[in-house]
Structures are given as structure tokens and as C-alpha cells.
Novice: 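Dumping the structure here so I can ask a few things about it.
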Amino acid sequence: MDESYCETPGARPVPVPVASGATESGPPYAECVLCREPTEYPESVKGITLCPVCEWQEAQRTACSG
């Protein structure tokens, strides 16, 4: 049996905490693919990056789409 068939995708990266009022501290942050606001994730994160607001709205959409 092929072991890679049942592999689960890797866990989503843990967001880097951003201090309130911080503008350019830390690594360069990726922009949200929906609203282009800065996200909690560094630019090195692969895949779709969403800001906290868009991530919450997306979670609501998928939870309610029976």
C-alpha cells in the first residue's frame, strides 16, 4: 500500500504575533490575497495568505455552506 496516499497535508504555519501599532517591525509580512492588507504571516509562507478579517469571513462562509 502506498503510504503517501493517506498523508495529511502539513499544518498551517503559526502566525507571527504583531505588536499593536507596529508598522515595519519583524520580517516582511505577506499581503492578504483578498483585500491586500498585511497579514500575520511572513512573506516566506507558501499558499493563500489571508488577513485575520478575511480569514474569519472565509471560515464563516465555509461553515455555513451546508
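A quick note: this is a predicted structure, and the numbers were derived from the prediction, not measured.
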Novice: Partners of Glu31 by side chain to side chain donor-acceptor pair (under 3.5 Å), sequence neighbours excluded?
Specialist: Arg36
Novice: Measure the CD1-CD distance between Ile48 and Glu55 for me, rounded to the nearest 0.5 Å.
Specialist: 11.0 Å
Novice: At what distance, to the nearest 0.5 angstrom, does CG of Leu50 lie from OG1 of Thr39?
Specialist: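 Between Leu50 CG and Thr39 OG1, I get 8.5 Å after rounding to 0.5 Å.
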Novice: Nearest 0.5 angstrom please: Glu40 CD to Thr49 OG1, how far?
Specialist: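 The distance works out to 11.0 Å.
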Novice: Between Cys35 and Cys51, is there a side-chain heavy-atom distance shorter than 4.5 Å?
Specialist: yes
